[in-house]
Protein chains: 2
Amino acid sequence: MKNSVTIRDVAKHAGVGVGTVSRVLNNNPSVSDLTRQKVLSVIDSLNFSPSQAARRLSRGKTMAVGVVVPFFTNPSVVKRLQGVISVIATSQYDLVLFDVENAEDRDGLLKNIIQREIVDGLLIISLKPSENDVTEIVEANVPTVIVDAEHPGFSRVIVDNVAGARQATEHLIQLGHHQIAYLNDDPTNPFNNAPTHDRYQGYLQALEGAGIPVRAGYYRQGTLDRESARHLTRELLQLPDPPTALFVYSDTQAIGVLEAARDLGLNVPEDFSVIGYDDIEAAKLLHLTTIRQSLYESGVIGGQLLLEQMLEPSLEPDEVVLETELIVRGTTAPLSS
Amino acid sequence: MKNSVTIRDVAKHAGVGVGTVSRVLNNNPSVSDLTRQKVLSVIDSLNFSPSQAARRLSRGKTMAVGVVVPFFTNPSVVKRLQGVISVIATSQYDLVLFDVENAEDRDGLLKNIIQREIVDGLLIISLKPSENDVTEIVEANVPTVIVDAEHPGFSRVIVDNVAGARQATEHLIQLGHHQIAYLNDDPTNPFNNAPTHDRYQGYLQALEGAGIPVRAGYYRQGTLDRESARHLTRELLQLPDPPTALFVYSDTQAIGVLEAARDLGLNVPEDFSVIGYDDIEAAKLLHLTTIRQSLYESGVIGGQLLLEQMLEPSLEPDEVVLETELIVRGTTAPLSS
DNA sequence: ATGCTCAATGGAACCGGTTCCATAATGGGC
DNA sequence: GCCCATTATGGAACCGGTTCCATTGAGCAT
């Protein structure tokens with residue numbers, strides 16, 4: 001493990017001082033070409049590589065970026081992370097991955113990351129930091145960017161979830177549906193509640209715009225997993241006056257919805273239309289009509305914003321809003337009866 | 001970014017030496033209870049947290065584990081990584097993620113990781129290290145474990161791909177199929193060719209065991225993406241004497257196969273049976289008959305093996321072979337004509 | 001009382017880079 | 001020739017922990 005060649009060895013072999021070797025290593029112009037070549041030649045022949053640990057200590061930089069994601073419970077996160085990876089891989093930073101699955105984990109983890117000073121910047125994905133976290137992050141001066149969540153103190157990449165949800169619901173309305181239910185995420189979950197709130201608002205706005213009264217019985221909320229959605233959909237479809245169409249908070253839940261329809265012998269979309277949200281990989285496979293948000297691109301932009309922030313810490317927080325897109329596939333159709 | 005409280009501050013406030021503070025921080029027993037309590041109290045009131053950079057330098061340990069994965073091109077990797085994360089998250093190590101997409105990237109990346117000494121251990125997933133890499137890793141004494149690839153110098157978690165592939169092919173044979181084609185990965189790809197070779201062997205063994213002659217025209221190989229598989233399957237299905245069943249190297253390719261069948265108006269499984277390999281998430285969604293390998297568990301075991309290796313570097317390389325399991329869903333059926 | 005052993009402690013040296021200040025050399029202007 | 005400014009360089013101090021050796025004190029055995 002121990003690298004036996006140090007900067008002092010290089011200096012001795014090259015007949016220069018350690019300061020000169022350091023200057024060469026860091027492309028400092030105050031080295032003559034002759035001296036620079038001599039040092040580089042010794043570095044090569046000794047196969048010297050500077051110790052990152054020593055560099056971290058003396059420079060006060062870790063050259064690593066922390067990425068905090070709910071890796072297990074939010075499938076859209078994989079695509080976002082791919083975008084992040086593609087950006088960070090071209091930078092000089094390493095990517096340290098932190099998984100967080102619930103609000104309790106989140107509170108301890110972010111504080112721990114900050115305290116240990118193991119990253120130069122932080123990218124938080126699909127997770128809303130607590131006010132306590134925000135205070136610590138700001139005090140610690142750690143450049144931070146949020147993707148798919150919001151806080152005014154940080155740069156962020158989001159989509160207009162109100163517009164996206166309105167789009168989804170309007171699509172169903174345009175197909176002639178008036179009995180449109182909405183299956184939501186849990187809006188009281190402190191983990192990340194802005195998209196939850198916004199998508200519901202969009203749904204309500206579309207109904208209102210079309211003069212369709214809101215029916216309390218057509219609203220359900222659950223967790224992001226398929227089973228919960230399957231169960232809740234069965235409830236909806238077994239109402240005396242069931243909905244003919246369902247807008248679902250996420251594609252993952254929409255898969256459970258499709259399963260529920262099959263459970264009850266309903267044909268989708270002939271008997272029952274379903275529209276999801278996200279356009280994750282599985283949506284394509286299942287020909288799910290959905291609202292696409294550019295998951296990969298959100299990661300790319302998030303990564304870029306963070307690198308910029310780390311380069312220019314005085315930058316004001318920026319907000320990039322990505323558009324959503326209606327993707328019509330095979331789970332929505334005009335009202336048939 | 002700069003943590004203003006150092007070990008010297010704590011020592012001064014507690015009226016002890018820095019060695020004593022360090023002993024308290026590291027649970028060294030050579031500290032009296034009275035002194036220990038005094039130091040801990042000061043640590044608490046000053047909100048002191050030791051600098052990781054300084055610790056790394058003085059201890060010669062980074063407290064980080066590197067995980068090298070082809071994150072974009074191999075969907076089974078996500079599930080394996082989840083297993084790894086679940087283990088590393090319970091350890092004292094941070095997870096540094098490295099993405100590698102082809103053999104060229106691999107060669108530079110592994111060397112770079114080793115040279116920079118930024119991880120205490122390495123977990124390589126679905127990627128076969130080059131002999132050059134192996135030499136450097138061994139010389140550098142970096143504990144390393146491989147998942148879903150093989151090298152005798154390292155501990156590894158693999159599945160018996162010969163048996164798995166034989167199982168898949170035997171399933172088709174038991175359904176009455178004799179015209180069974182095989183769609184492989186590229187066996188000349190140095191990235192990770194053992195599974196490619198082994199699954200083909202398993203396919204051949206099953207044919208041989210059933211006395212079915214091998215037909216050269218029933219073999220195709222391509223890349224791991226759906227489009228390649230779609231194209232190659234169309235070739236197979238348009239032969240004068242097309243296969244009635246297809247064993248596919250991976251579920252991802254199998255999705256492309258299903259698309260090709262649909263392209264040609266074939267019903268799966270009535271007209272054409274398809275069996276994949278991996279049991280990734282999408283297999284469940286598409287009711288794909290497949291060979292399940294415990295992707296998550298392979299990550300868990302890989303992580304555990306690595307932690308053990310780091311604790312006991314003299315441990316001999318170990319090999320954990322996971323079993324495969326036939327998962328019959330809706331894409332295979334008895335020969336109908 | 002003396003000597004030995006062990007526990008507890010302080011702090012200098014060290015880890016391996018970076019940085020900054022002192023110094024020397026060179027070139028240009030007067 | 002002298003002075004000033006600039007460039008290039010060496011190396012001590014520093015980053016903030018850990019470790020190891022020297023020292024002290026206490027307890028026990030002779």
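For the numbers below, each heavy atom of this structure counts, side chains included, while hydrogens, waters and symmetry mates do not.
- Positionally, the nearest nucleotide of DNA chain C for B:Val16 lies more toward the 5' end than for the other of B:Arg8 and B:Val16.
- The stretch residues 36-44 of chain B has no heavy atom under 4.0 angstrom from DNA chain D at all.
- In this model, the phosphate group of D:dT9 is approached by a side-chain N or O of A:Thr35 to a distance below 4.0 Å at OP1 or OP2.
- Rounded to whole angstrom, the span from the CD atom of B:Gln52 across to the P atom of D:dT18 amounts to 9 Å.
- If you find the closest nucleotide of DNA chain C to A:Ala53 and to B:Gly17, the one lying nearer the 5' end belongs to B:Gly17.
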- Whether each nucleotide of nucleotides 21-28 of chain C has a protein heavy atom under 4.0 Å at its base (B), only at its sugar-phosphate (S) or at neither (-) is summarised, 5' to 3', as --------
- Message: Before you tell me yes or no, could you show the steps for B:Asp148 and B:Ser126 under side chain to side chain donor-acceptor pair (under 3.5 Å), namely the whole-Å CA-CA distance, both residues' side-chain angles and the distance that decides it to 0.1 Å?
- Response: CA-CA 5 Å; B:Asp148 186 43; B:Ser126 299; 2.7 Å; yes
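- Nucleic acid contact class of A:Ser22 (heavy atoms, under 4.0 Å, all strands): base.
- Put simply, the side chain of B:Gln293 does not reach to within 4.5 Å of the side chain of B:Ser298, judged on heavy atoms.
- Computed from coordinates, the B:Leu57 CG to D:dC15 P distance equals 14 Å when rounded to whole Å.
- For B:Arg59 against D:dG17, a side-chain-to-base donor-acceptor contact under 3.5 Å is absent.
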Please write out each protein N/O paired with an N/O of nucleotides 23-28 of chain D under 3.5 Å, distance rounded to 0.1 Å.
none

- Task: For B:Leu25 and B:Val10, run side-chain contact (heavy atoms from CB on, under 4.5 Å): C-alpha distance rounded to whole Å, both residues' side-chain angles, the deciding distance at 0.1 Å, then the answer.
- Result: CA-CA 11 Å; B:Leu25 286 175; B:Val10 175; over 6 Å; no
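- Contact annotation: side chain of B:Arg55 to base of D:dG16, donor-acceptor pair absent below 3.5 Å.
- Mapping A:Val31 and A:Val18 onto DNA chain D via the closest heavy atom, the residue that lands nearer the 5' end is A:Val31.
- Remark: the backbone N or O of B:Gly19 is not paired with any side-chain donor or acceptor of B:Ser22 at under 3.5 angstrom.
- Residue A:Leu25 contributes atom CG, which lies 10 Å from atom C1' of C:dT18 at whole-angstrom precision.
- Here CD of A:Gln304 is found 8.0 Å from OG of A:Ser86. Values are rounded to the nearest 0.5 Å.
- A:Val78 and A:Phe71 get closest at one heavy-atom pair: CG2-CE1, 4.5 Å.
- Atom CG in B:Asn28 sits about 10 Å away from atom P in C:dT9, given to the nearest Å.
- The CG atom of A:Asp120 lies 5.5 Å from the OH atom of A:Tyr93; values are rounded to the nearest 0.5 Å.
- Side-chain nitrogen and oxygen atoms of B:Ser32 include at least one within less than 4.0 Å of the OP1 or OP2 phosphate oxygen of C:dT9.
- Between the OG1 atom in A:Thr6 and the CG atom in A:Asp9 there is a gap of 4.0 Å [rounded to 0.5 Å].
- The CG-P distance, from A:Asp9 to C:dG17, rounds to 9 Å in whole Å.
- Note that OG1 of B:Thr20 is 4.5 Å distant from CZ of B:Arg23, once rounded to the nearest 0.5 Å.
- Here B:Thr20 does not reach the OP1 or OP2 of C:dT9: none of its side-chain N or O atoms lies under 4.0 Å away.
- From B:Leu122, atom CG reaches atom CE of B:Met310 across 10.0 Å, with rounding to the nearest 0.5 Å.
- In this structure, A:Val21 reaches neither bases nor backbone, as no heavy-atom distance under 4.0 Å exists between it and the strands shown.
- The listed nucleotides are C:dG16, D:dT9, D:dG17; the one nearest the side chain of A:Ser58 is C:dG16.
- When rounded to the nearest whole Å, the span between CG of A:Leu46 and P of C:dG17 equals 12 Å.
- Checking each of A:Val321, A:Ile146, A:Leu123, A:Leu305 against A:Val157 for a side-chain contact (heavy atoms from CB on, under 4.5 Å) leaves exactly one that passes, namely A:Leu305.
- Across the protein-nucleic acid pair, A:Lys61 atom NZ and C:dT18 atom P stand 13 Å apart, rounded to whole Å.
- Interatomic distance, CG of A:Leu306 versus CG of A:Leu311, reported as 11.0 Å (0.5 Å rounding).
- If you take CD1 of B:Ile118 and C1' of C:dG16, they are 17 Å apart, rounded to a whole angstrom.
- Each of B:Val300, B:Ile301, B:Ile124, B:Ile125 was checked for a side-chain contact (heavy atoms from CB on, under 4.5 Å) with B:Val147, and the lone residue meeting it is B:Ile125.
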